[in-house]
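So that we are looking at the same thing, I have put the structure below in structure tokens.
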Amino acid sequence: MSAESPASGAPAAPTDFIRDLVAADVAAGRHARIITRFPPEPNGYLHIGHAKSICLNFGIAREHGGVCHLRFDDTNPAKEDIEYVESISRDVQWLIAGWADHCLGLKPRGATPAATPGSATPDFHLAAAGAGEREAFFASDYFEALHAYAVELIRRGKAYVCDLTPEETDAYRGAPDQPGRDSPYRDRTVAENLDLFARMRAGEFPNGARSLRARIDMASPNVWLRDPLLYRIRHTAHHHAGNRWCIYPLYDFAHCLSDYIEGITHSICTLEFEVHRPLYDWILQSLDLSRTLPHQYEFAKLNISYLVFSKRRLLQLVENNLVAGWDDPRMPTLSGARRRGIPAAAIRRLASLVGVTKYDSLTDIALFEHAIREELNPLALRRLAVLRPLKIVLTNLAPGEEIPCLATNNPQDPEPTTRPLALTRELFIEAEDFAEVPPPKFFRLKPGGEVRLKYACIISCQQVVKDAAGQVTELHCTADLTTRSGQPDADRKVKGTLHWVSATRGVPAKVQLYDRLFAVPEPAASDDFRVHVNPRSLETVTAVVEPALASAQPGDCFQFERLGYFVPDARDSAPGRPVFNRTISLKDAWTAKGPARA
RNA sequence: UGCCCGAUGGUGUAAUGGUAGCACAAACGACUCUGACUCGUUUUGUCUAGGUUCGAGUCCUAGUCGGGCAGCCA
């Protein structure tokens with residue numbers, strides 16, 4: 001077991017009930033190699049909830065030297081699209097990069113498994129690494145094999161073709177508290193079933209006219225055992241399989257067998273599939289398969305306060321233009337998080353922090369925000385930027401005079417580097433860092449008061465200049481240059497230190513201030529979650545930033561001192577003209593308390 | 001009112017019959033050229049009732065509360 005070293009700053013390898021079960025299987029020597037899978041349906045974008053599953057499945061694989069297959073569970077062509085195949089592949093690789101890339105199970109492009117049920121050899125051989133171009137697994141690549149398994153089930157008298165309409169099928173199924181009734185087609189002969197199933201495949205019947213059903217027990221207290229459908233007729237082309245098929249397997253039939261075909265040892269899914277587990281086992285056991293059967297385990301999916309995760313709601317946000325798309329930095333999608341500047345490692349850290357249980361919980365978004373800051377703090381280069389500028393004139397400096405200063409790039413570095421900065425007569429500070437009538441314990445600038453300009457010197461506020469409307473337009477201050485670093489009074493203490501940017505050397509930059517998408521802790525709990533979208537979830541300002549920021553590139557990561565973490569937007573930035581996204585603000589013990597909250 | 005699953009501080013989790021611990025959050029304090037970081041201190045918990053046991057958060061029974069399941073979705 002390769003535990004992550006706590007000394008490296010990464011969280012220790014987590015433990016949970018599923019990992020315990022896997023460890024027990026390994027200890028008992030039940031598997032030569034651990035193979036898990038992450039099986040998204042390509043009908044939407046991946047979100048932080050999926051990330052929990054990805055981290056679990058890839059995490060288990062990497063802890064045991066195993067592999068985790070990326071498999072598209074694409075058995076419903078009507079809802080799926082290649083766009084999602086691509087975005088999902090991209091997002092998975094981003095999330096596991098530098099952590100579990102070596103565990104990502106892919107197959108040679110175009111490869112399909114042998115379609116010989118009952119064969120003693122594995123249905124799907126993983127080609128040796130490096131053998132040409134590779135791609136994810138697709139359930140649709142197994143359609144031929146799956147069909148053969150269905151035929152085998154019919155031969156064994158365990159499946160039959162049913163002519164009931166969808167409505168009739170519903171009625172015959174009964175209710176949870178009352179048993180269903182047998183379909184009148186339940187006792188067709190094997191020969192008749194084989195013939196009908198062949199004709200279903202041949203396209204002789206319209207959509208919904210017939211279906212293939214498992215023959216189990218219409219009186220079972222578990223409704224999923226009441227002769228569940230295995231195949232339905234859909235005259236629809238498939239995004240991956242093309243137009244070879246007009247019958248498509250349903251999830252319950254395809255999933256367990258896909259797991260078997262790939263040699264999955266632990267099939268881990270969310271709680272809503274718990275009642276499907278007996279069916280998962282029934283199908284595999286009914287086929288007398290030669291290899292070790294996979295087993296399904298369930299865990300509770302992730303919920304985070306102030307967010308929504310359901311595909312339906314995410315789609316509504318996009319379609320109603322409440323956000324600017326799937327990758328809007330406010331979206332809880334992986335592509336949104338990436339654009340927002342949230343490191344993949346922060347999401348992995350969150351997954352480790354929340355653990356894995358069967359309890360339907362609601363995680364405080366503060367835990368996620370904590371994980372993001374933990375990840376960013378040691379990495380982000382410190383920079384000075386003023387979001388809402390208030391002009392300061394240092395009256396004892398001459399126009400054009402420049403006082404050189406040295407700024408630390410990252411104090412978290414064991415050996416921090418520095419960059420030069422120039423203090424000039426005119427500069428900007430944050431408007432909220434000045435108060436004409438300061439509240440109690442206001443450590444910032446006030447009339448007659450003193451503050452330190454970070455990396456520069458202490459200034460003192462001499463005069464407040466206002467316009468005709470009484471608005472403060474600028475402050476006249478004097479700089480005490482003896483308090484600069486290296487000067488005699490460098491250690492003189494003042495209560496407040498402010499960030500600042502030279503008015504003559506600073507450059508304007510668009511900054512997008514993102515905040516929580518929703519204003520209430522449980523938006524999904526109300527009738528219309530859309531009314532709870534936080535009106536201040538995005539505020540765009542023209543900031544003035546220090547010169548070094550003008551050359552910022554997407555992929556860079558900054559902390560604007562005293563403000564928060566920011567990244568150049570990968571989409572909106574132009575060369576030399578970066579647009580910054582606020583990933584997250586710094587933790588703030590001052591405004592959080594309320595006195596200065598607008 | 002059928003079946004399945006769950007319940008430990010405000011939140012998320014650990015304790016695998018033997019001292020209820022950790023993280024986040026909150027509060028206070030120290031430090032500070034970031035009201036950040038870091039460090040210290042503190043507050044708050046085993047759903048209820050029975051039972052088994054020398055001993056129960058853990059095992060059993062019943063109840064309460066919460067979640068899931070009746071798509072030709074996954």
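To find a chain, count down the sequence lines: A is the first, B the second, and so on, and within it residues start at 1.
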No-hydrogen, no-angle side-chain donor-acceptor test under 3.5 Å, A:R382 and A:H499: no
B:G18 to B:U11 separation - C1' atoms, rounded to the nearest Å: 29 Å
Sugar-phosphate, base or nothing in reach of A:V275, heavy atoms under 4.0 Å: base
Whichever of A:N43 and A:P221 has its nearest RNA chain B nucleotide further upstream toward 5': A:P221
Whether A:Y248 and A:H238 hold their rings parallel, tilted or perpendicular, with breakpoints at 30° and 60°: parallel
Sugar-phosphate only, base, or nothing, as touched by A:N76 at under 4.0 Å among non-hydrogen atoms: sugar-phosphate
Per A:F442 side chain, nearest of listed nucleotides B:G35, B:G2, B:C33: B:G35
Touch class at under 4.0 angstrom, heavy-atom based, for A:E561 against every strand present: base
A:S485, nearest nucleotide to its side chain (from B:C33, B:C69, B:G35): B:C33
Output a table of nitrogen or oxygen pairs between the protein and nucleotides 36-43 of chain B separated by less than 3.5 Å.
from	atom 1	to	atom 2	distance (Å)
B:C37	O2'	A:N377	ND2	3.3
B:C37	O2'	A:Q412	NE2	3.4

Sugar-phosphate, base or nothing in reach of A:R277, heavy atoms under 4.0 Å: nothing
Rounded P spacing from B:U43 to B:U38 in Å: 22 Å
Side chain of A:A175 (C-beta onward), nearest among B:A74, B:A70, B:C3: B:A70
Of A:T497 and A:R173, the one whose closest RNA chain B nucleotide lies more 5': A:T497
Closest to the A:W224 side chain, choosing from B:C69, B:C33, B:U1: B:C69
Which nucleotide in B:G6, B:C72, B:A70 has an atom nearest any side-chain atom of A:K358: B:G6
Salt bridge (Lys or Arg N to Asp or Glu O under 4.0 Å) partners for A:D413, two or more places apart: none
Test side chain to side chain donor-acceptor pair (under 3.5 Å) applied to A:N57 - qualifying residues, sequence neighbours left out: A:S53
Spacing of A:N207 atom CG relative to B:C73 atom P, expressed in whole Å: 10 Å
Per A:K454 side chain, nearest of listed nucleotides B:A25, B:C33, B:C73: B:C33
Sugar-phosphate only, base, or nothing, as touched by A:L279 at under 4.0 Å among non-hydrogen atoms: nothing
Sugar-phosphate, base or nothing in reach of A:D170, heavy atoms under 4.0 Å: sugar-phosphate
Length of the line joining A:E298:CD and B:G67:C1', which is rounded to integer Å: 14 Å
Rounded distance (nearest 0.5 Å) linking atom OG of A:S211 with atom CG of A:D163: 8.0 Å
B:U34 OP1/OP2 closer than 4.0 Å to side-chain N/O of A:R383: no
Pair A:F566 and A:F558, ring centroids less than 6.0 Å apart: no
Close aromatic pair by centroid cut-off 6.0 Å: A:Y185 and A:Y160: no
Cationic N near anionic O, under 4.0 Å, A:K79 to A:E41: no
N or O in side chain of A:R232 less than 4.0 angstrom from B:A74 OP1/OP2: yes
Please list each protein N or O that sits under 3.5 Å from an N or O in nucleotides 11-14 of chain B, with the distance.
from	atom 1	to	atom 2	distance (Å)
B:U11	O3'	A:L362	O	3.0
B:U11	O2'	A:L362	O	3.2
B:U11	O2'	A:D364	N	3.2
B:G12	OP1	A:L362	N	3.0
B:G12	OP1	A:L362	O	3.4
B:G12	O3'	A:S361	OG	3.4
B:G12	O2'	A:V354	O	3.2
B:U13	OP1	A:T357	OG1	3.0

Between B:C3 (C1') and A:H276 (NE2): distance, integer Å: 13 Å
Sugar-phosphate only, base, or nothing, as touched by A:A300 at under 4.0 Å among non-hydrogen atoms: nothing
Test of ring centre spacing under 6.0 Å for A:Y280 and A:F273: no
Sugar-phosphate, base or nothing in reach of A:F273, heavy atoms under 4.0 Å: base
Each stem that RNA chain B is part of, given as range with range (3 or more consecutive Watson-Crick or G-U pairs, under 3.5 Å): B:2-7 with B:64-69, B:10-13 with B:21-24, B:26-30 with B:38-42, B:47-51 with B:59-63
For B:G71, glycosidic torsion class - syn if within 90° of 0, otherwise anti: syn
Euclidean distance for C1', B:G67 against B:U16 (whole angstrom): 25 Å
Output field: ring centroids A:H147/A:F197 closer than 6.0 Å: yes
Side-chain donor or acceptor of A:R181 paired with backbone N/O of A:G174 under 3.5 Å: no
A:F72 ring center near A:F137 ring center (under 6.0 Å): no
Ion pair A:E262/A:R71, N-O distance below 4.0 Å: yes
Short N-O contact, A:E430 and A:R444, less than 4.0 angstrom: no
Within 6.0 angstrom of A:K301 NZ, more than 12 heavy atoms from elsewhere: no
Sugar-phosphate, base or nothing in reach of A:T165, heavy atoms under 4.0 Å: base
Sugar-phosphate only, base, or nothing, as touched by A:L250 at under 4.0 Å among non-hydrogen atoms: sugar-phosphate
d(OH, A:Y185; P, B:C72) in whole Å: 17 Å
Rounded distance in Å between the C1' positions of B:G66 and B:C60: 23 Å
Side-chain N or O of A:R452 closer than 4.0 Å to phosphate OP1/OP2 of B:U32: no
Sidechain-backbone polar pair: A:D364 side chain, A:S305 backbone, donor-acceptor under 3.5 Å: no
Aro-ring/base stack A:W590-B:G35, d under 5.5 Å, angle under 30°: yes
Interface polar pairs with nucleotides 62-64 of chain B, N/O, under 3.5 angstrom:
none

Short side-chain donor-acceptor distance under 3.5 Å, A:E369 and A:Y306: no
Phosphate contact (B:G35 OP1 or OP2) by A:K495 side-chain N/O below 4.0 Å: no
